[in-house]
Protein chains: 2
Amino acid sequence: MLENHKLRMTKQRQVILEELRKVKTHPTADDMYQMLRKKMPKISLGTVYRNLEILSEANIIQKLDVGGTQKRFDGDTSIHSHVRCVDCGRVGDIDIKPNYNIEAEARKVTDFEIYRHRLEFTGLCPECHEKNIAVA
Amino acid sequence: MLENHKLRMTKQRQVILEELRKVKTHPTADDMYQMLRKKMPKISLGTVYRNLEILSEANIIQKLDVGGTQKRFDGDTSIHSHVRCVDCGRVGDIDIKPNYNIEAEARKVTDFEIYRHRLEFTGLCPECHEKNIAVA
DNA sequence: CCAGAAAATATAAATAATTACTACTTATAA
DNA sequence: TTATAAGTAGTAATTATTTATATTTTCTGG
């Protein structure tokens with residue numbers, strides 16, 4: 001998996017990949033850093049950023065840009081959509097398969113060369129939804 | 001339009017709104033700043049940021065979060081999608097009306113409370129597409 | 001029209017997220 | 001095993017945006 005990319009499997013890279021695959025929370029780089037420090041206290045934030053970037057470049061993980069100020073990462077590279085909680089920023093999966101017809105539609109109304117599309121949802125995560133009900 | 005929001009119509013705000021409505025380029029805050037300085041050399045970047053935020057808060061303009069590192073703004077508040085050029089970051093309009101059925105679909109497969117969805121395209125703008133062909 | 005309170009401004013400094021630099025370390029191929 | 005290219009920790013720098021503050025401006029009601 002890494003061989004084809006002239007990537008070396010360092011201890012750090014290995015742990016980063018392992019931890020990311022273990023969770024389904026779509027962590028930010030800093031979330032990852034906090035998680036990883038427990039296993040590997042000397043790891044540096046720069047290393048976390050660099051590896052997340054390299055791994056997503058190699059399509060071994062996914063970099064998500066779902067809004068908000070921080071990028072998030074997903075160990076699941078299958079094509080699926082995401083919901084972002086507008087209150088706390090938490091990101092969840094939405095298993096809806098993309099409708100590629102929409103790209104044909106788009107091509108009709110733009111002079112851009114369309115590569116792909118993304119469907120993103122916003123809303124409230126269960127926890128924030130509960131809180132909001134309590135307040136109302 | 002502004003009255004209902006206890007917003008004052010300052011010279012700066014007026015020019016910001018005017019300029020944004022004049023263009024169809026989905027400028028970043030800094031793009032706006034550069035444009036505005038020509039008309040109003042003493043305007044400050046902070047004022048640009050503050051007003052774009054306030055105006056989008058009041059739904060007089062739209063703040064776009066279409067990926068990339070900077071937020072963009074749109075004087076057109078109608079609901080439509082966008083394409084972002086993966087090469088130069090330019091953003092174009094895609095006039096496809098959202099399919100609200102997809103939100104019902106999403107509700108079936110998540111415990112998040114779904115508010116809304118966004119359809120975003122990526123690709124190449126005509127200029128970058130030309131350049132790519134030239135190289136290939 | 002005019003005073004005064006609330007809102008907005010310019011400038012500068014602060015913050016947040018990410019990237020770059022550097023000297024040292026390590027994985028891997030021959 | 002050793003050379004070398006890739007990677008690391010630590011720190012500094014950059015980029016985008018927000019905040020603090022002292023001053024100025026808008027706009028309301030007399």
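The sequence lines fix the lettering, A, B, ..., with proteins before strands; numbering per chain opens at 1.
- Counting to the nearest Å, the P atom of D:dG7 and the CE atom of A:M40 are 15 Å from each other.
- Per the geometry, NZ belonging to B:K42 stands 15 Å off P belonging to D:dT23, to the nearest Å.
- Position along DNA chain C of the nearest nucleotide to A:R50 versus A:A29 favours A:A29 as the more 5'-ward residue.
- Straight-line distance from the CD atom of A:E53 to the C1' atom of D:dA6: 17 Å, rounded to whole Å.
- Under 4.0 Å is where a charged nitrogen must lie from a carboxylate oxygen, and between A:E103 and A:R107 at least one such pair does.
- Of all nucleotides in DNA chain C having an atom under 4.0 Å from a heavy atom of chain A, the first and last in 5' to 3' order are C:dA17 to C:dT28.
- Straight-line distance from the CD atom of A:Q70 to the C1' atom of D:dA16: 14 Å, rounded to whole Å.
- Nucleotide D:dT15 holds its P atom 17 Å from the CZ atom of B:R72, rounded to whole Å.
- Straight-line distance from the CG atom of B:D30 to the P atom of D:dT15: 11 Å, rounded to whole Å.
- Of the candidates D:dC27, D:dT17, D:dA9, D:dT17 carries the atom nearest the B:L45 side chain, counting heavy atoms from C-beta on.
- Using cut-offs of 30° and 60° on the angle between ring planes, the pair A:F121 and B:H117 is tilted.
- Closest to the A:L7 side chain, of the nucleotides D:dG7, D:dG10, D:dC27, is D:dG7.
- For D:dT18, neither phosphate oxygen OP1 nor OP2 lies less than 4.0 angstrom from any side-chain nitrogen or oxygen of B:Y49.
- For the pair B:R13 CZ and D:dC27 C1', the computed distance is 13 Å after rounding to whole Å.
- Residue B:R90 comes nearest to B:C125 through the heavy atom pair NE-SG, 3.7 Å, listed as atom of the first residue, atom of the second, then distance.
- For the residue pair B:H80 and B:D95, no side-chain donor N or O sits within less than 3.5 Å of a side-chain acceptor on the partner.
- A side-chain donor-acceptor contact under 3.5 Å links B:S81 to the backbone of B:L119.
- Closest to the side chain of B:T69, from the set D:dT17, D:dA9, D:dA16, is D:dA16.
- When heavy atoms are screened at a 4.0 angstrom cut-off, B:K71 is found touching the sugar-phosphate backbone but no base atom.
- Between the CD atom of B:Q34 and the P atom of D:dA16 there is a distance of 12 Å, given to the nearest Å.
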Going through the checks in order, is the side-chain hydrogen bond (donor to acceptor under 3.5 Å, both in side chains) test met by B:T10 and B:R13?
CA-CA 5 Å; B:T10 62; B:R13 186 162 295 162; 4.6 Å; no

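- To the nearest 0.5 Å, the span separating CD on B:E113 from OG1 on A:T122 amounts to 11.0 Å.
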